[in-house]
Amino acid sequence: MPVDTTVLQRWYAAEARDLPWRRDGVTGWQILMSEVMLQQTPVARVAPIWEEWVRRWPVPSAMAAAGRADILRAWGKLGYPRRALRLHECAGVLAADHGDRVPEDVAVLLSLPGVGAYTARAVACFAYGQRVPVVDTNVRRVVARAVHGRAEPGNPSTTRDLADVEALLPRTRARAATFSAALMELGATVCTARTPDCGRCPLSNCAWVDAGRPAHDGPAKRVQKFAGTDRQVRGKLMAVLRESDTPVERQALDLVWLSDPGQRDRALHSLLVDGLVEQTDDGRFALAGEGNG
DNA sequence: CAACCGTGGAC
DNA sequence: TGTCCAAGGTT
């Protein structure tokens, strides 16, 4: 028994954070919204926006009826705004083809825009109680330590990671769902990336601790640069457009990135290609879908 | 598979 | 504006 399910379950019941999307009565659509928002964005920043979205767009058809610009403004500074666009597109598919509900089948979920290996199974598990492995960065780290005795997980491989966790998954649906939630919670609050708090860990048989907490041996993982990248420029351009209720002149956008006009133009072009920004007939720029909805 | 897709908080 | 990291997905 590599991971003591009973101990983990008890720990989760006692220690889990009271996150709004974990409360009773939360719908599949609301779970899906939370999962998309939580892709690479911390819980603390997601929570207030999620509460607002639940009120504003309680069902997929409500969101589908909104314009992209409204969605992008409501997304605010959560980052990676293409996620908001995909969720909007997803809402349209759900409203048109799935009876305004989030499907339960993993394969169907995987076909939806912005829904990948993690999100599909997170919805299947947390919204519908299915027994499927749910593998995010927290789970990968906890399993790497507790089971494999390594400080850090290897490079992500969906097939291998899913099989890895499938092998640990409890038999019954209910226990499997709690197991996955607990593994994620443990990785998020105790078995963290930087400074794991082993003194607070409920697991008594962690392979990494047993091995004396050896340091990561392999090559250090490359951390993404941000300063000076197109990503930073895109962020600055989007910030200007989010905050303006009228289309913006080209010169106003030029001001956000003076050091490299070529890079600025490339960033703006990519935003147009991505469908985040549109150009008006008179040559100004605005969030895509301004005036729609 | 590796690179790219924002943003802000903790160190 | 240094580094690392955060419930990933798409190409």
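Letters go in sequence order (proteins before strands), and every chain restarts at 1.
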Distance, P atom - from C:dG9 to B:dG8, rounded to whole angstrom
23 Å
Could you check A:Arg160 against A:Thr229 and say which one's nearest nucleotide on DNA chain B is further toward the 5' end?
A:Arg160
For C:dT1 and B:dG6, measure between their C1' atoms and round to the nearest Å.
15 Å
For A:Arg150, I'd like to know if atom CZ has over 12 heavy atoms of other residues, nucleotides or ligands within 6.0 Å.
no
Mapping A:Asp274 and A:Ser157 to their closest nucleotides on DNA chain B, which lands nearer the 5' end?
A:Ser157
More than 12 heavy atoms of other residues, nucleotides or ligands under 6.0 Å from CZ of A:Arg171: yes or no?
no
Are A:Arg121 and A:Asp136 ion-paired here, with the side-chain N under 4.0 Å from a carboxylate O?
no
Step by step, would you call A:Arg86 with A:Asp274 a salt bridge (charged side-chain N to carboxylate O under 4.0 Å, His left out)?
CA-CA 11 Å; A:Arg86 294 193 191 107; A:Asp274 285 348; over 6 Å; no
Please table the atom pairs, donor to acceptor, closer than 3.5 Å between any side-chain atom in residues 110-119 of chain A and protein atoms at least two apart or in another chain.
| residue | atom | partner | partner atom | Å |
| --- | --- | --- | --- | --- |
| A:Ser111 | OG | A:Val108 | O | 2.6 |
| A:Tyr118 | OH | A:Glu35 | OE1 | 2.7 |
| A:Thr119 | OG1 | A:Gln39 | NE2 | 2.9 |

Do A:Arg234 and A:Ser270 get their side chains close enough for a donor-acceptor pair, meaning under 3.5 Å?
yes
With a non-hydrogen cut-off below 4.0 angstrom, is A:Arg266 in contact with a base, only sugar-phosphate, or nothing?
nothing
Between B:dA3 and C:dA7 - P atom distance, rounded Å
23 Å
Donor-acceptor under 3.5 Å (A:Arg145 side chain, A:Ala151 main chain):
yes
Using a strict threshold of under 4.0 Å (side-chain N to carboxylate O), is an ion pair present between A:Glu185 and A:Arg22?
yes
Hey, does A:Asp230 reach any base, or is it just sugar-phosphate, or nothing, if we go heavy atoms under 4.0 Å?
sugar-phosphate
First-last contacting nucleotides on DNA chain B - partner chain A, under 4.0 angstrom, heavy atom
B:dA3 to B:dC11
Under 4.0 Å protein heavy-atom contacts per nucleotide of nucleotides 6-11 of chain C, with B for base, S for backbone only and - for none:
BBBBS-
